[in-house]
Amino acid sequence: MRVLVAGATGVVGHPLVGALRARGHQVSALVRQGSRARAPEADDVMVADALDRQALLSAVSAARPEVVVHQMSALRLLRDDPAGAFALTARLRTEGTANLVAAARAAGARRLVAQSIAFAAAPAGDPAGNPVVDEDAPLYVDAPDPGWAATVRAVAELERLVLGSEDLAGVALRYGTLYGPRTAYARNGGTTQAVLAGRLPLPEGGSGITSFLHVEDAVGATVAAVESDVTGVFHVTDDDPAPAAQWLPHYARTLAGPSPRTIPAALAPRLLGWFMAHQLTAAHGAANDRARTALGWKPLRPSWRDGLGEE
Ligand SMILES: NC(=O)c1ccc[n+]([C@@H]2O[C@H](COP(=O)([O-])OP(=O)(O)OC[C@H]3O[C@@H](n4cnc5c(N)ncnc54)[C@H](OP(=O)(O)O)[C@@H]3O)[C@@H](O)[C@H]2O)c1
């Protein structure tokens with residue numbers, strides 16, 4: 001098949017191009033002008049900024065893809081400019097996705113597969129009583145933190161756009177918290193550096209649940225979604241959703257870093273920021289049963305215990 005990957009220099013996009021080509025697909029890598037030197041080896045390289053609608057329409061039309069994959073975000077800026085990273089990522093999820101849907105349709109593509117996130121569900125009571133949710137759980141669009149509420153609304157809009165076009169079969173893959181090469185949990189990643197410096201303490205109880213996903217499994221599930229005919233929203237997560245009280249000390253040990261100190265839960269938002277405090281104290285995990293059944297996919301790394309912090 002002819003497949004176009006938007007975000008082809010990214011954490012998932014880059015290895016995805018190689019994985020699709022290894023399956024025999026003809027792959028166009030869509031990159032921005034300034035990132036051309038970092039483009040993966042591909043059958044062709046198209047250049048456009050997704051926020052420039054006309055440029056995107058031309059580039060996607062020239063590639064004539066049957067399937068378009070959306071892996072665009074600005075989260076690489078997180079370390080230096082968190083507010084800017086979230087604002088630009090929200091724009092890519094809304095305006096960028098609308099442009100990509102229009103470009104895919106104009107090019108005659110029949111399918112669109114997009115990256116979403118598995119950690120945007122609203123908390124429903126005590127996470128210890130209901131630690132893992134499925135794709136029907138409501139999104140946290142009214143989160144008390146305005147930044148996270150804006151992020152989740154942009155995620156909801158991305159999914160609405162991806163699933164809402166009649167002549168384009170849409171799939172939103174809600175990836176778990178990514179670990180592995182080039183992620184925040186890689187050896188030189190931001191979360192690893194915070195743990196090594198003792199800057200990621202454990203809020204008392206540590207009952208927020210994280211569903212992790214190795215980058216290789218994000219790539220594998222995306223290849224499966226490209227090749228499948230199913231549509232809809234799928235959690236793409238490992239099989240081992242875990243409370244912070246388990247994964248954070250395990251991760252610190254693997255890194256040979258200091259044991260995370262325990263802090264009162266009430267102080268967590270001020271010390272860690274609202275999102276990290278929420279993740280460590282109240283978030284739900286995400287069940288992957290639908291992706292397993294509908295996509296015929298399963299994680300090759302079923303548990304974060306066998307790799308988080310090792311590469
Ligand atoms: N589920 C998760 O846990 C999750 C999800 C997303 C991200 N993250 C974290 O965030 C970091 C980055 O991950 P990522 O794969 O989302 O981001 P990424 O590696 O930065 O990839 C994003 C891609 O989008 C492209 N892009 C950005 N703005 C664009 C625009 N205006 N037009 C066209 N393309 C544009 C980038 O191209 P350029 O090379 O031109 O910038 C890049 O190819 C990692 O540390 C990862 O751990 C985690």
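Note that the coordinates shown come from a computational prediction; the quantities given were computed from them, not determined experimentally. Indexing begins at 1, ligand by ligand and atom by atom, following the structure's order.
- In this structure, atom 11 (C) of ligand 1 lies nearest to the protein heavy atom L75 CB, 4.0 Å.
- L178 CD1, 3.9 Å is the protein heavy atom nearest to atom 48 (C) of ligand 1.
- Salt-bridge check for D134 with R290: passed, with a basic side-chain N closer than 4.0 Å to an acidic carboxylate O.
- In terms of polar-atom proximity, defined here as any N/O pair under 3.5 Å, T183 makes no such contact with ligand 1.
- Here atom 20 (O) of ligand 1 lies nearest to R76 when heavy atoms of H14, R76, R91 are compared.
- Within ligand 1, counting atoms from 1 as listed, the ones closer than 4.0 Å to a heavy atom of T9 are 36 (C), 37 (O), 38 (P), 39 (O), 42 (C), 43 (O).
- Residue R187 places its CZ atom among more than 12 non-hydrogen atoms of other residues, nucleotides or ligands, all under 6.0 Å distant.
- Not close to ligand 1: A74, with no non-hydrogen atom less than 4.0 angstrom away.
- Between F119 and H284, the distance separating the two ring centers is not shorter than 6.0 angstrom.
- With sequence neighbours excluded, the residues satisfying side chain to side chain donor-acceptor pair (under 3.5 Å) with R305 are D240, Q246.
- In this structure, atom 13 (O) of ligand 1 lies nearest to the protein heavy atom V11 CG2, 3.6 Å.
- Counting heavy atoms closer than 4.0 Å to ligand 1, residue L78 contributes nothing at all.
- Taking every heavy atom of Q115 and a limit of under 4.0 angstrom, the matching atoms of ligand 1 come to 5 (C), 6 (C), 16 (O).
- Ion pair E66/R111 not flagged as a salt bridge, since none of the NZ, NE, NH1 or NH2 atoms sits closer than 4.0 Å to an Asp/Glu carboxylate oxygen.
- Relative orientation of the W304 and H250 rings is perpendicular, given thresholds of 30° and 60° on the angle between their planes.
- At a 4.0 Å cut-off, at least one heavy atom of D49 sits close enough to ligand 1 to count as contact.
- When the options G176, G189, A55 are ranked by their closest heavy atom to atom 2 (C) of ligand 1, first place goes to G176.
- With distances taken over non-hydrogen atoms, the option nearest atom 40 (O) of ligand 1 out of A29, P40, S35 is S35.
- Short contacts between ligand 1 and A8, defined as distances under 4.0 Å to a heavy atom of the residue, involve ligand atoms 43 (O).
- The side-chain contact (heavy atoms from CB on, under 4.5 Å) test with T222 singles out one residue from L16, L295, L20, and that residue is L16.
- Test L100, V226, V113 against V68 for side-chain contact (heavy atoms from CB on, under 4.5 Å) and you get one pass: L100.
- In this structure, atom 21 (O) of ligand 1 lies nearest to the protein heavy atom G10 CA, 3.2 Å.
- Only the side chain of F119 comes within 4.0 Å of ligand 1, counting heavy atoms alone; its backbone N, CA, C and O stay farther away.
- Of all atoms in ligand 1, listed by their number and element, those nearer than 4.0 Å to a heavy atom of Y175 are 1 (N).
- Of the charged side-chain nitrogens involved, at least one lies within less than 4.0 Å of a carboxylate oxygen, so that R301 and E216 count as a salt-bridged pair.
- Side chains of E311 and H214: a donor on one and an acceptor on the other come within 3.5 Å.
- Under the 30°/60° scheme for interplanar angles, the aromatic rings of H278 and F275 are found to be tilted.
- With M72, Q33, R182, R32 as candidates, the residue nearest to atom 24 (O) of ligand 1 on a non-hydrogen basis is M72.
- Near T177, meaning under 4.0 Å from any of its heavy atoms, are these atoms of ligand 1: 3 (O).
- Summarising the contacts of atom 27 (C) of ligand 1 with A48, S73, G7, A184, the nearest heavy atom is found in S73.
- In this structure, W247 has its ring center under 6.0 Å from that of F212.
- Taking every non-hydrogen atom of Q71 and a distance limit under 4.0 Å, the qualifying atoms of ligand 1 come out as 22 (C), 23 (C), 24 (O).
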Set out, in order, the CA-CA distance, both residues' side-chain angles and the distance that settles ring pair (Phe, Tyr, Trp, His ring centres under 6.0 Å) for Y251 and Y185, then state yes or no.
CA-CA 9 Å; Y251 174 43; Y185 292 80; 5.4 Å; yes

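- Under the 4.0 angstrom criterion, atom 9 (C) of ligand 1 counts as lacking any protein heavy-atom contact.
- For the pair A50 and ligand 1, the shortest N or O to N or O distance falls below 3.5 Å.
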